Amino acid sequence: MIFAITIISVLAFALTNIFAKKAWQTILSVIFAAIFLVSLGFITANDHYHYGMKKVTETTTQTLTSSADSKNMNLLLYQPLGNGTEKVYLYKTNESQKKPKPTGTDHVTNVVKKDQANAQLQTAKTYWVYKNDTAKLWFGLSSKNHQLVKEKNTFNVKKDWLVLSTDQAKKLAKLVQTNKASMQTAGTAFVQEKVKAAMMQNPTMDQAAQQKIIQQATAEYQQQAMAKIIAEVTK
């Protein structure tokens with residue numbers, strides 16, 4: 001409505017000013033000029049200072065799934081921008097998602113919290129909205145309702161998650177593939193040694209107990225081997 005009043009006041013001022021021959025017509029043109037200036041002031045206040053609007057924050061929580069295609073590795077990826085201080089994170093929120101979704105860059109802040117109980121993405125978006133229906137009526141055409149002010153993404157990842165750049169992830173995949181054969185050989189020897197040591201302590205150990213030791217030893221070796229490769233990738 002404020003735009004309509006501004007346009008009408010300009011036209012009315014022009015008409016009354018052109019044809020003004022009497023004092024009342026001159027006074028009327030001054031009134032229309034004042035209305036124009038006041039309405040223009042309100043438009044400026046709304047546009048630059050968000051007059052008639054307020055901030056609201058909307059918060060959502062989504063479950064995070066690994067950004068990597070491998071189901072054996074929980075990974076959150078990021079792409080450094082510029083000198084590396086700013087990062088765009090690439091994330092998935094469900095298993096059926098084919099490609100990771102990037103975070104935005106305008107008015108966006110990203111935070112990563114490690115060693116959390118659950119892998120989740122908490123997003124808090126702050127918008128400018130109309131204070132009430134009256135403000136919406138007056139400034140409906142002159143402002144952008146639901147305009148983004150800022151966005152904060154908090155990535156909560158569990159202890160077994162890795163947070164790597166896209167380049168580091170590529171290097172990790174390459175090293176795992178290169179060392180696959182040697183890791184299998186070393187892993188088999190590691191497990192055999194663990195089982196042998198356990199059997200020496202308990203010669204009467206049954207098959208179920210042996211299988212449990214094999215599983216534990218396998219997991220222990222994989223953890224140690226991956227830790228070495230990750231250290232190589234992130235150094």
Side-chain angles (χ1 to χ4, degrees), residues 61-105 108-123 151-201 208-235:
T61 300
Q62 302 176 82
T63 301
L64 275 180
T65 59
S66 178
S67 301
D69 294 329
S70 174
K71 294 183 179 180
N72 298 322
M73 185 180 300
N74 291 317
L75 181 64
L76 175 62
L77 292 173
Y78 67 86
Q79 178 65 55
L81 298 179
N83 59 5
T85 56
E86 186 178 358
K87 300 173 182 177
V88 172
Y89 285 84
L90 308 169
Y91 64 94
K92 291 182 180 180
T93 54
N94 59 74
E95 296 290 349
S96 62
Q97 187 177 332
K98 293 183 179 180
K99 292 183 178 181
K101 183 179 178 181
T103 55
T105 55
V108 177
T109 301
N110 298 308
V111 177
V112 176
K113 293 183 177 180
K114 299 181 180 180
D115 299 336
Q116 300 299 301
N118 298 301
Q120 294 179 329
L121 168 60
Q122 295 176 334
T123 301
E151 175 183 334
K152 182 178 181 180
N153 297 307
T154 302
F155 293 92
N156 297 309
V157 295
K158 300 171 72 174
K159 189 175 182 178
D160 62 340
W161 278 62
L162 297 175
V163 182
L164 300 176
S165 70
T166 51
D167 289 341
Q168 288 174 332
K170 291 177 183 178
K171 185 178 179 180
L172 176 63
K174 185 177 180 180
L175 285 174
V176 169
Q177 187 62 34
T178 301
N179 294 280
K180 186 176 181 180
S182 61
M183 287 172 63
Q184 288 178 341
T185 302
T188 300
F190 182 87
V191 172
Q192 288 175 347
E193 285 295 323
K194 288 287 185 179
V195 174
K196 183 179 178 180
M199 289 294 294
M200 289 181 66
Q201 291 182 355
Q210 291 181 35
Q211 190 62 36
K212 184 177 181 180
I213 291 175
I214 290 173
Q215 292 175 350
Q216 292 174 343
T218 301
E220 183 181 349
Y221 174 77
Q222 289 177 344
Q223 185 177 7
Q224 292 178 3
M226 285 302 299
K228 291 179 180 179
I229 293 177
I230 293 167
E232 177 68 20
V233 168
T234 56
K235 69 178 182 180

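Just so you know, these numbers come straight off a predicted model, no measurement behind them.
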Any side-chain to backbone donor/acceptor pair from [X] onto [Y]? Under 3.5 Å, distance only.
{"X": "Gln216", "Y": "Gln211", "result": "no"}
{"X": "Asn179", "Y": "Ser182", "result": "no"}
{"X": "Ser67", "Y": "Leu90", "result": "yes"}
{"X": "Gln97", "Y": "Lys99", "result": "yes"}

Under the side chain to side chain contact (heavy atoms under 4.5 Å, CB included) rule, what do Tyr91 and Thr103 come out as? Steps first, then yes or no, please. CA-CA 8 Å; Tyr91 64 94; Thr103 55; 3.8 Å; yes
Distance-only side-chain donor-acceptor flag, Gln120 / Thr63, under 3.5 Å: no
Exercise: do Asp167 and Ser165 side chains pair donor with acceptor under 3.5 Å: no
Inspect the surroundings of NZ in Lys171 and state if more than 12 heavy atoms from other residues, nucleotides or ligands are less than 6.0 Å away. yes
Can you measure from [atom1] ([X]) to [atom2] ([Y]) and round to the nearest 0.5 angstrom?
{"X": "Gln177", "Y": "Met183", "atom1": "CD", "atom2": "CE", "result": "10.5 Å"}
{"X": "Lys228", "Y": "Gln224", "atom1": "NZ", "atom2": "CD", "result": "7.0 Å"}
{"X": "Asn118", "Y": "Asn156", "atom1": "CG", "atom2": "CG", "result": "8.5 Å"}
{"X": "Lys114", "Y": "Leu76", "atom1": "NZ", "atom2": "CG", "result": "9.5 Å"}
{"X": "Lys170", "Y": "Leu77", "atom1": "NZ", "atom2": "CG", "result": "10.0 Å"}
{"X": "Tyr78", "Y": "Asn110", "atom1": "OH", "atom2": "CG", "result": "12.5 Å"}

Would you please test Gln122 and Lys152 for side chain to side chain contact (heavy atoms under 4.5 Å, CB included) and show each step? CA-CA 8 Å; Gln122 295 176 334; Lys152 182 178 181 180; over 6 Å; no
Please walk me through it: do Ile214 and Lys194 pass side chain to side chain contact (heavy atoms under 4.5 Å, CB included)? CA-CA 8 Å; Ile214 290 173; Lys194 288 287 185 179; over 6 Å; no
Could you walk me through whether Glu151 and Thr123 pass the side chain to side chain contact (heavy atoms under 4.5 Å, CB included) test, one step at a time? CA-CA 7 Å; Glu151 175 183 334; Thr123 301; 4.0 Å; yes
Contact summary for Met226 and Leu172, nearest pair of heavy atoms: CE-CD1, 4.1 Å
Correct closest heavy-atom pair for Leu75 and Ser66 would be N-OG, 3.0 Å
Positive for side-chain contact (heavy atoms from CB on, under 4.5 Å) with Tyr89, one of Val108, Val112, Asn153, Leu121: Val112
